[in-house]
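Read the structure below first, then the notes.
One-based numbering along the sequence shown. Quantities reported herein were computed from a predicted structural model and do not represent experimental measurements.
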Amino acid sequence: MENEDQVLRVTKIVEAKLGLYIHLAIFFLVITALIAVNLATNPERFWFQWPLIGWGAGLGLHAAIVLVCVRGGSVKAWMIAREMNKRARENQP
């Protein structure tokens, strides 16, 4: 039973990382295309920066969420594990 829980947790982490990598790849492809279109059609006025800033902020938030997920699912779970490790070290002879 515990092994199934661990497999489920690891699967969710891998899916979260894969989703982030796909998001990142699509971001770079689309932003590169937007830059090319902008420079080809209207090189004296840069408008590609607005989708770059907006989507980049969303991508940064996505990355932050994945990092929290990878660290143990929540800050609370990470703090509990850290405290348990600290107490285990204190109880060693």
Evaluate the side-chain contact (heavy atoms from CB on, under 4.5 Å) criterion for residues Trp47 and Val37: first the C-alpha distance (whole Å), next the side-chain angles of each, then the deciding distance (0.1 Å), finally the verdict. CA-CA 10 Å; Trp47 52 261; Val37 168; 4.1 Å; yes
Enter the distance from Leu67:CG to His62:NE2 here, rounded to the nearest 0.5 Å. 10.0 Å
Do the side chains of Val66 and Ile22 join up, straight or via other hydrophobic residues, at under 4.5 Å, putting them in one cluster? yes
Please examine the side chains of Trp55 and Ile26, heavy atoms only from C-beta on, and report whether any two atoms are closer than 4.5 Å. yes
Apart from Trp50 itself, which Ile, Leu, Val, Met, Phe, Trp or Tyr residues share its cluster (side-chain heavy atoms under 4.5 Å, direct or through members)? Ile53
Are Val30 and Tyr21 linked, directly or through other ILVMFWY residues, by side chains that come within less than 4.5 angstrom of each other? no
Distance check, rounded to the nearest 0.5 Å: Leu18 atom CG versus Thr11 atom OG1? 12.0 Å
Working to the nearest 0.5 angstrom, can you tell me the gap between Ile31 CD1 and Ile35 CD1? 6.5 Å
Distance col, row Leu39:CG vs Arg45:CZ, nearest 0.5 angstrom, shows 14.0 Å
To the nearest 0.5 Å, how far apart are CG in Asn38 and CD in Glu44? 9.5 Å
Using the rule given for side-chain contact (heavy atoms from CB on, under 4.5 Å), can you reason through Leu20 versus Leu59, listing the C-alpha separation, both sets of side-chain angles and the distance that settles it, and then say yes or no? CA-CA 8 Å; Leu20 177 62; Leu59 183 60; 4.1 Å; yes
